[in-house]
Number of protein chains: 2
Amino acid sequence: MAAKKISSFHPPQRVLMGPGPSNINPRVLAAMSLPVIGYMDPAFVDMMAELKTLLRYAFQTDNQLTYPISGPGSVGMESCFVNMVAPGDKVVVCRNGVFGGRMIENVERCKGTPIIVEGTWGEPVDPNAVEDALKKNPDARIVAFVHAETSTGCVSDAKTLAEVAHKHDCLTIVDAVTSLAGCPLKVKEWDLDAVYSASQKCLSCTPGLSPVTYSDRVIDYVTGRKDKVQSWFMDLNLILNYWGHTVRTYHHTAPINGLFALHEALLLLKEEGIENTWARHQRHYQALKAGFEAMGLKFLVKEEKDRLPQISTIMVPEGIDEAEVRSKLLSEFNVEIGAGLGPLAGKVWRFGLMGYTANSANVMLCLSALGSILSKMGYPVKVGEAEAAAHQSYANQHTSMAQKARSRS
Amino acid sequence: MAAKKISSFHPPQRVLMGPGPSNINPRVLAAMSLPVIGYMDPAFVDMMAELKTLLRYAFQTDNQLTYPISGPGSVGMESCFVNMVAPGDKVVVCRNGVFGGRMIENVERCKGTPIIVEGTWGEPVDPNAVEDALKKNPDARIVAFVHAETSTGCVSDAKTLAEVAHKHDCLTIVDAVTSLAGCPLKVKEWDLDAVYSASQKCLSCTPGLSPVTYSDRVIDYVTGRKDKVQSWFMDLNLILNYWGHTVRTYHHTAPINGLFALHEALLLLKEEGIENTWARHQRHYQALKAGFEAMGLKFLVKEEKDRLPQISTIMVPEGIDEAEVRSKLLSEFNVEIGAGLGPLAGKVWRFGLMGYTANSANVMLCLSALGSILSKMGYPVKVGEAEAAAHQSYANQHTSMAQKARSRS
């Protein structure tokens, strides 16, 4: 039999309500498809400077070395570890989800010694447990933790964790893959050292880029290392010559069209204003939550204050085939949601409302589609109730904002 | 003073005749800007299978593990080394340009021992020198070389080098960054083991992807390694679960829009037919060469058979400010060419005719612009002569093709 003839790919149009990628604003898609230019073109070099300025705004920092790594978020993570962890270094790693586990893998592959602070999946990292670990390991050099655990939807108190780390003379490595632009992340105010993120979550840009920011403490450490960083591609000493200075030296060919897209995505963030973006995520999360609660669905993360507005992890009700629900959402409604990872596989769904995806139309579509599918599967839900609850939430929020505005005037 | 207001970036329109990126076909740019979908979407998974099929065609191989790495060519290079070189391993590395040097860096960072076969920049790797190195180092495990040296424009005899390596029971790591789709590269026929390339050269796709292909020998070695590969991101044992099988496990978020683009770029290659693509590169190189020779310019690579049609390295004539020429080509004609790297900095220009850029309009523009600039700088060139020579070359090639066709009929 002849092989199937391959023709141009026409992707289906999806509403991306999983843990990322999120939907991309047409302005960003258009920027990405502009004709490519060279990575040493003066026009490109000017754009790189703007990109760094815009990224500093997104990270709320004035760190000089703030730039997008040419690779997905996992390269951002690995870049922090290979540069900052030398063989034999002790690193306190907090694990309360998949990505803390990946940090441990990274420490081990750098021949460092991970001191693991085990937490509960769905609960924030406990600063007291970190303090205990640091007291027992006064020679630890680094504390690594995930600010926003994409696998659970739980946020940890990055400010307090950084304070504990610095009290014990440790640098911090912070995973902000899902937090950047989705909820408050204040690199300068919280005094975080190495922070990495990803382009396809709340920035709603194309996947494949990992924005990072490094404090001067990190740069001093890396430029002072006597041994060679084990990765050529990720070695900050080499990358500094491309992204760090005004005179640029060739290191690798940057993903130029992706950077056009990131520039536009960050510009959209600047235009909206980052506080407004955080508030938008919170507003639509409240409506989605009201809908889920009206359906009797439960969150994995118990405490409201620990929940990420940009990703809601919902317990699959007893007797419901979780994969079938995801599959029907995709095939019948073109809505993608996320499955559980690791020990949560089969037990939860993850609903993302990230960046451009975070709007009321998507909240309504999601609740309506989920209600319809669940009710056909015998789950006791009255179609329309969840939507009504979400509408009520929007109305209440509107009233509350109006009252606030009145009390100020 | 207030900071300059940042607005949407509007890149200038360039003719990219440097060492890559090359210009991108509008069909590829359009594919890249299609709305993103999830990396586990059934539609995306089907496209991944097609991508692998198309890449096998481009590499001329039937290696099962043939896929695009989510990073630029230097990640492709590093992926080969970290997976295949364990601490203490001896690796014969051939250096006749910048990228051979980068291979040595990679061996060292994997704690391997590089056995360096030094060559002359602008000459191919000498198989006899490799044979000698292998005789002196019977415990060497790998031979690494660059098929098409982007820094010099020189091609090496990959087939013979692989024969020598296999005779001594060594695996091969082959840099095909600039050769893929620009000149014959026959992975199966030449029995190459690990071959990496890049998306933005003769494939004329967006930068940021690194197509690779691995023989079963490589997979057997990597899956049999007892120690852990030092990079989490590049560990083939983990990536096999995403790209290698039909049931996919999450590893990292692939650069989805970039993969849409690569699919379309590879489809264009398939439509043209790879032999036709090789012939097109050769045809336009012949015309460009005729023009250069009419201007009295000399190639770094002396022997015609050693030259890459997709990149011509030209000696800067005595008394000419090479940077000024490049700068004027860019500012006055929107033509980008490449500078010399390493010991060739300031001594050569690199003219690329890669992929979509390889057409007669660009050949004529380049010769015309270069002639105009050089003549104003006092270089003895009669404007129009180079263009005439190029036209003559096209005419001669046309006649010769017609004669061949007649002699066959």
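By convention in this document, chain letters (A, B, ...) are assigned in the order of the sequence lines, proteins followed by strands, and residues within each chain are numbered from 1.
Contact of B/Ile6 with chain A is made through backbone and side chain together, with heavy-atom distances under 4.5 Å. No part of B/Ala31 comes within reach of chain A, as not one of its non-hydrogen atoms sits under 4.5 angstrom from that chain. Of the atoms belonging to B/Leu16, it is side-chain heavy atoms, and not backbone ones, that fall under 4.5 Å from chain A. Heavy atoms closer than 4.5 Å to chain B are found in the side chain of A/Glu108, but not in its backbone. Interface remark: B/Ser199 contributes no atoms to any contact with chain A (heavy atom separation under 4.5 Å). Looking at A/Ile256, the atoms closer than 4.5 Å to chain B (heavy atoms on both sides) sit in the backbone and in the side chain alike. Contacts between B/Ala254 and chain A at a heavy-atom distance below 4.5 Å involve the backbone alone (N, CA, C, O). With a 4.5 angstrom heavy-atom cutoff, A/Leu267 touches chain B only via side-chain atoms. For A/Leu238, the part sitting under 4.5 Å from any heavy atom of chain B is the side chain, from C-beta outward, and nothing else.
A distance of 10.5 Å separates NZ of A/Lys5 from CD of B/Glu50, quoted to the nearest 0.5 Å. Note that the NE2 atom of B/His10 and the CE atom of A/Met47 stand 13.0 Å from one another [nearest 0.5 Å]. With rounding to the nearest 0.5 Å, the separation of CG in A/Asn106 from OG in B/Ser231 is 8.0 Å.
Residues of residues 71-80 of chain A that come within less than 4.5 angstrom of chain B, heavy atom to heavy atom, are A/Gly71, A/Pro72, A/Ser74, A/Val75, A/Glu78 in numerical order.
Between B/Phe44 and A/Pro11 there is no side-chain heavy-atom pair separated by less than 4.5 Å. Between B/Arg109 and A/Asp235, some side-chain heavy-atom pair lies under the 4.5 Å cut-off. Residues B/Pro207 and A/Val36 meet the side-chain proximity criterion, which asks for heavy atoms closer than 4.5 Å.
Between A/Phe9 and B/Phe260, the ring planes lie tilted relative to each other; the angle falls in the 30° to 60° range.
Listed for the B/Gln200 side chain is no donor-acceptor partner under 3.5 Å among the backbone atoms of A/Thr253. Between the side chain of A/Glu105 and the backbone N or O of B/Trp232 there is no donor-acceptor pair closer than 3.5 Å.
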- Task: Begin from the C-alpha positions of B/Met32 and A/Asn257 and carry the test side-chain contact (heavy atoms from CB on, under 4.5 Å) through to its verdict.
- Result: CA-CA 9 Å; B/Met32 188 158 41; A/Asn257 297 83; 3.8 Å; yes

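Ranked by heavy-atom pairs under 4.5 Å with chain A, the list B/Val229, B/Asp41, B/Leu330 is led by B/Asp41. When each of A/Leu54, A/Leu268, A/Asn23, A/Asp46 is checked for heavy-atom pairs under 4.5 Å with chain B, A/Leu54 comes out on top. Of the listed residues (A/Ala30, A/Gly338, A/Pro255, A/Ser331), the one with the most heavy-atom contacts under 4.5 Å to chain B is A/Pro255. In terms of heavy-atom pairs under 4.5 angstrom with chain A, the leader among B/Ser327, B/Pro21, B/Gly208, B/Gly18 is B/Pro21.
Here the closest heavy-atom approach between residue A/Pro12 and residue B/Ile37 is recorded as O-CG2, 3.2 Å. Here the closest heavy-atom approach between residue B/His263 and residue A/Ser7 is recorded as CE1-O, 3.2 Å.
Qualifying salt bridge (charged side-chain N to carboxylate O under 4.0 Å, His left out) partners for A/Arg102, counting only residues two or more places apart in sequence or in other chains: none. Not counting sequence neighbours, A/Glu336 has no partner by the salt bridge (charged side-chain N to carboxylate O under 4.0 Å, His left out) test. With sequence neighbours excluded, the residues satisfying salt bridge (charged side-chain N to carboxylate O under 4.0 Å, His left out) with B/Glu264 are B/Arg27.
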